[in-house]
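Inspection log for the structure reproduced underneath, given as structure tokens.
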Number of protein chains: 2
Amino acid sequence: MGWPQVSGEDNLLRLVEAEDGDENNYHLQDQVGFILRKAHQRHVSIFASQIGDLTPPQFAALAKLYDIGETSQNQLGTLIAMDAATVKGVIDRLKARGLVEVSKHEVDKRRLLVNLTPEGREAIERLIPLARAITEETLAPLTAKEAATFLRLLAKLA
Amino acid sequence: MGWPQVSGEDNLLRLVEAEDGDENNYHLQDQVGFILRKAHQRHVSIFASQIGDLTPPQFAALAKLYDIGETSQNQLGTLIAMDAATVKGVIDRLKARGLVEVSKHEVDKRRLLVNLTPEGREAIERLIPLARAITEETLAPLTAKEAATFLRLLAKLA
DNA sequence: CTGATATCATTTGCATACGAATGAATTTGA
DNA sequence: TCAAATTCATTCGTATGCAAATGATATCAG
């Protein structure tokens, strides 16, 4: 009489509803948000297995700085989809490890300029091949054609 | 001469490489992990706009309990893809709000049983229609056909 | 039966992630 | 020009998310 009392009735009710067309049946497992969260978790896990000493957001910051060179902290955040509070923490940790350095903007005194250090540059150049492997492993469950389709649709959602 | 000094040379180098076949060019924006992270962020944002007083993980816990009835905290975590440490925090907060209640397993004294309270049951029944709207809005950039394809491929990845 | 293993839950430490509030500096507009 | 609005960065509070360590309990193997 523990859970059957309430839940049992519900399971019965749900069976009846299923026969009626399943309209009131909500399956968490089928919701895009839930699957999206799991897919993201899996990717982060793959990332960690290949690049243990850097998180995906930290890698994103380095990769973007490598791509575009010095920028303001806020601008960098915009480019890698992090709000101001989040990017500050990421940059602080990269700074503490000597991978980036910060300086004040000459004219606009509000801005904090961020750039790679030589060590940061060396690190990102060393890691980019691993990042390609991570992408490959993440997409491994799909065929090449499926992967292309998936990336196209995912980009439309993001 | 602030940032052009190093970055300018790099952009030039990259242009040359692009002519060579783009092999050394790494574009964060095209990586599945980065787009996955952004898509997830967008969904969480949509979720928050429709259900402000509950997070997606909290909702997942309630929805799963509504679906299967009372379970152990660990088992619930497995079902909604959360590790033991994470699910504990989620359940603690739901418990503090009176949406779930916990009790000790009669025979296995290690287990902590979790179940919906009447308030929790009422809440999840009220929220499920909103969850459907959230799914719809998240998938809105895709046609119905694209959405079906996307969900199929996403599920293979997750 | 009992020692080795395994499971369940908790705790700690670290790292995103975001809303909201704050302060400093810049830009806008009347 | 100068007050209002905006932008940039920081800080605080809250909420995932995971690894690792710990303690309590349960199960298994010999």
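Order of the sequence lines sets the chain letters (A, B, ...), proteins ahead of strands, with each chain counted from 1.
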Exercise for the section: Whole angstrom is fine here: how far is it from CD in Glu106(B) over to P in dC8(C)? Expected result: 18 Å
Practice task
Let me know the distance between NZ of Lys109(B) and C1' of dG23(D), rounded to the nearest Å.
Solution key: 15 Å
Exercise for the section: For Glu122(B), look at atom CD and say whether over 12 heavy atoms of other residues, nucleotides or ligands are found less than 6.0 Å away. Expected result: no
Practice task
Report which part of the nucleic acid Val107(A) touches: base, sugar-phosphate, or nothing (heavy-atom distance under 4.0 Å, all strands).
Solution key: sugar-phosphate
Practice task
Map Ser72(A) and Arg93(B) onto DNA chain D by nearest heavy atom, then report which one ends up closer to the 5' terminus.
Solution key: Ser72(A)
Practice task
Using a cut-off of strictly less than 4.0 Å, decide whether Gln75(B) has a side-chain nitrogen or oxygen near OP1 or OP2 of dT7(C).
Solution key: no
Practice task
Please report, rounded to the nearest Å, how far the P atom of dG19(C) is from the CE atom of Met82(A).
Solution key: 15 Å
Completion exercise
In whole angstroms, the gap separating C1' of dG17(D) from CD1 of Ile80(B) amounts to 13 Å
Practice task
Measure from the side-chain heavy atoms of Val90(B) and tell me the nearest of dA15(C), dA26(D), dT16(D).
Solution key: dT16(D)
Exercise for the section: Counting heavy atoms from C-beta on, name the nucleotide in dC18(D), dG19(C), dT10(C) closest to the side chain of Gln73(B). Expected result: dT10(C)
Problem - Out of dT10(C), dC8(C), dT16(C), whichever nucleotide has its closest atom nearest the side chain of Lys88(B) - result: dT10(C)
Exercise for the section: Grab the CG-P distance between Leu36(B) and dT16(C) for me, whole Å please. Expected result: 17 Å
Handout entry: Listed nucleotide nearest any side-chain atom of Asn74(A), set dA19(D), dA9(D), dT26(C)
Key = dA9(D)
Completion exercise
Ranking Asp92(B) and Asp83(A) by the position along DNA chain C of their nearest nucleotide, the one closer to 5' is Asp92(B)
Problem - Chi angles and distances behind the ring pair (Phe, Tyr, Trp, His ring centres under 6.0 Å) call for Phe59(A), Tyr26(B) - result: CA-CA 12 Å; Phe59(A) 175 86; Tyr26(B) 181 82; 5.7 Å; yes
Practice task
Would you kindly check whether a donor in the side chain of Arg110(A) faces an acceptor in the base of dT26(C), or vice versa, at under 3.5 angstrom?
Solution key: no
Fill in the blank from the handout: To the nearest angstrom, the NE2-C1' distance between His105(B) and dT25(D) comes to 12 Å
Handout entry: Glu119(A)/Arg97(A) ion pair, N-O < 4.0 Å
Key = no
Problem - Any donor-acceptor N/O pair, Arg37(B) side chain to Pro57(A) backbone, under 3.5 Å - result: no
Handout entry: Close residues, residues 38-63 of chain B, relative to DNA chain C [heavy-atom separation under 4.0 Å]
Key = Gln41(B)
Exercise for the section: Taking only the side-chain nitrogens and oxygens of Arg111(B), find out if one of them lies under 4.0 Å from OP1 or OP2 of dA24(D). Expected result: no
Problem - Lys104(A) NZ to Ser72(A) OG distance, which is reported to the nearest 0.5 Å - result: 15.5 Å
Fill in the blank from the handout: Here the distance between atom P of dA9(C) and atom NZ of Lys95(B), to the nearest Å, is 12 Å
Practice task
Examine the side chains of Thr117(A) and Glu101(A) and answer whether a donor and an acceptor come within less than 3.5 Å of each other.
Solution key: no
Practice task
Indicate yes or no for a side-chain donor-acceptor contact from Thr86(A) to the backbone of Met82(A) under 3.5 Å, with no hydrogens or angles considered.
Solution key: no
Handout entry: Main-chain N/O of Thr55(A) paired to Gln58(A) side chain as donor or acceptor, under 3.5 Å
Key = yes
Problem - Nucleotide dC18(C), atom C1' - distance to CZ of Arg37(B) in whole Å - result: 12 Å
Practice task
Answer with base, sugar-phosphate or nothing: what part of the nucleic acid does Val114(B) contact at a heavy-atom distance below 4.0 Å?
Solution key: nothing
Practice task
Looking at every strand, decide which applies to Asp108(A) at a 4.0 Å heavy-atom threshold: base, sugar-phosphate, or nothing.
Solution key: sugar-phosphate
